[in-house]
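The structure appears right after this line, and notes come after that.
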Amino acid sequence: MTALRWEERVQRGAHPVAYPAIRALRRLGPVVRVPGIGVVVSDAATAREVLLDTEHFSKVGPGAPSDLWTPVLGPSVLLNMEGVDHARLRRTLASLFTQRAVRELVAVSVPEALSSLPGRLLAGERVDLAEETATIAGTVICAMTGLPPTDSAVREAMAAAGSVVGLVRLHRHSLTASQVRHARAVLARLSAPARAAYRDGDPTTVPGRMRELGLSEDEALGAVGAFVLTGTETIQSFVPRLVAIAADTGWLDRLLDADPTTTDGVALRVRVVEEALRLTAPTPAMLRSVRADAAVGGVPVRAGDRVVIATISCCRDAGPFDPTSPADAAVRHLWFGAGPHFCLGMPLALAQVDAVLDALRSVAVAGRALRVVDRSVARGVLIPAYRSLTVEAA
Ligand code: HEM
């Protein structure tokens, strides 16, 4: 119960009005039309049907992500594309997200931040995991954009990503002209080194690799922008919430004891992480525009309508946090989406989670236990998160 109470606070800190409203809709039915918002889906099986039906539902069109991001990033950045062009770009980018590629990216970009963590904890320091996660996510952005990961570059990269993602609100279908100007200016600053890295063509950098893969400069910079928007706040949100949920449910010791070099250890870690992803659903909603008249869970929709998948309700309602029972098939991985837009960055997300858990595990290996000693929730953010989560080795 403590875990759920804290999760409620995290959600309400971010969305004091929208979150309770979206959750209350479930009582009216699995699919409900809400004027000004769209047709809201709270049921996992129906959500999956919408995400897989690209004939009727699209990320391009009125009320879809294209309305938000095309004016900022241009028309070809995966999350505002459909059809063969989308499939081709995904195929091209896939090699950046193989297990090997993401583990190398994480290993190269975050060793310093992570390697000092066990020593500091074991020396008795209290550590803010929200701050540590921001350093890790910011360092990964630096690696993606080709910025040298100095402390200030890492902080600025995180602030830049947050200031753009934070512009989005569910009740507004697009950004205002001044928000678009702000977002373009921020991303232009962030992608300046990516442009230089692309032009240099050094395949050890992500933009250089993209050039080698045959992407044009615009495609490469658009992809970098998309990665920054989709892959930063989600990690910042998830890692501290994972640790908090594991602590609040009595699973933290088992999670950190689990040896990731053994089959059982991997299986336990995967189940705890998946359950925490299900409970938190760091991307709380997914948007689609209706391309052609259809029905969603029996509710008729017209071309141009907006469908809002309330991922948080679809995932959360599958039951209490329980890593011992098998994942419900309708819900499994829905927190990463489904169909052609399934999260491209999932391997990178999981590699960052593993890197943090490996670092925290050193506390368990030294015979100590990790405890959450203080926390506060973030307010006014798009992706619900802890502002701070302080831990210590007991
Ligand atoms: C816990 C962390 C993450 C969660 C929960 C998450 C969740 C999601 C979801 C739900 C979608 C599908 C959206 C839709 O269909 O409308 C998505 C798409 C995407 N994600 Fe993630 N994501 C995470 C981390 C990342 C990271 C680290 C990256 C790194 C680059 C990333 C890159 C992307 C991209 C590029 C897409 C768009 C794919 C497409 O449209 O083809 N994500 N993510």
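Counting starts at 1 for both ligands and their atoms, following the listed order.
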Give every donor-acceptor pair under 3.5 Å between a side-chain atom in residues 39-50 and any protein atom, sequence neighbours left out.
from  : atom 1 : to     : atom 2 : distance (Å)
Asp43 : OD2    : Thr46  : N      : 2.9
Asp43 : OD2    : Thr46  : OG1    : 2.5
Arg48 : NE     : Ala330 : O      : 3.0
Arg48 : NH2    : Ala330 : O      : 2.8
Arg48 : NH2    : Arg332 : O      : 2.9

Donor-acceptor contacts, no H, no angles, side chain residues 181-193, under 3.5 Å, sequence neighbours left out:
from   : atom 1 : to     : atom 2 : distance (Å)
His182 : NE2    : Ser163 : OG     : 3.0
Arg184 : NH1    : Pro71  : O      : 2.8
Ser191 : OG     : Leu187 : O      : 2.7

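A chain of hydrophobic side-chain contacts below 4.5 Å, direct or via other Ile, Leu, Val, Met, Phe, Trp or Tyr residues, connects Leu389 to Leu256.
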Distances for all N or O pairs of ligand 1 and the protein under 3.5 Å?
from     : atom 1 : to     : atom 2 : distance (Å)
ligand 1 : 15 (O) : Arg288 : NH2    : 2.7
ligand 1 : 16 (O) : Lys59  : NZ     : 2.9
ligand 1 : 16 (O) : Arg288 : NH1    : 2.9
ligand 1 : 40 (O) : Leu78  : O      : 3.4
ligand 1 : 40 (O) : His341 : ND1    : 2.6
ligand 1 : 41 (O) : His86  : NE2    : 2.7
ligand 1 : 41 (O) : Arg90  : NH1    : 2.8
ligand 1 : 41 (O) : His341 : ND1    : 3.4

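Pro340 is linked by a side-chain contact (heavy atoms from CB on, under 4.5 Å) to Thr54, His86, counting only residues two or more places apart in sequence or in another chain.
Remark: Arg375 engages Asp248 in a salt bridge, criterion side-chain N to carboxylate O under 4.0 Å. Remark: Arg278 does not engage Glu274 in a salt bridge, criterion side-chain N to carboxylate O under 4.0 Å.
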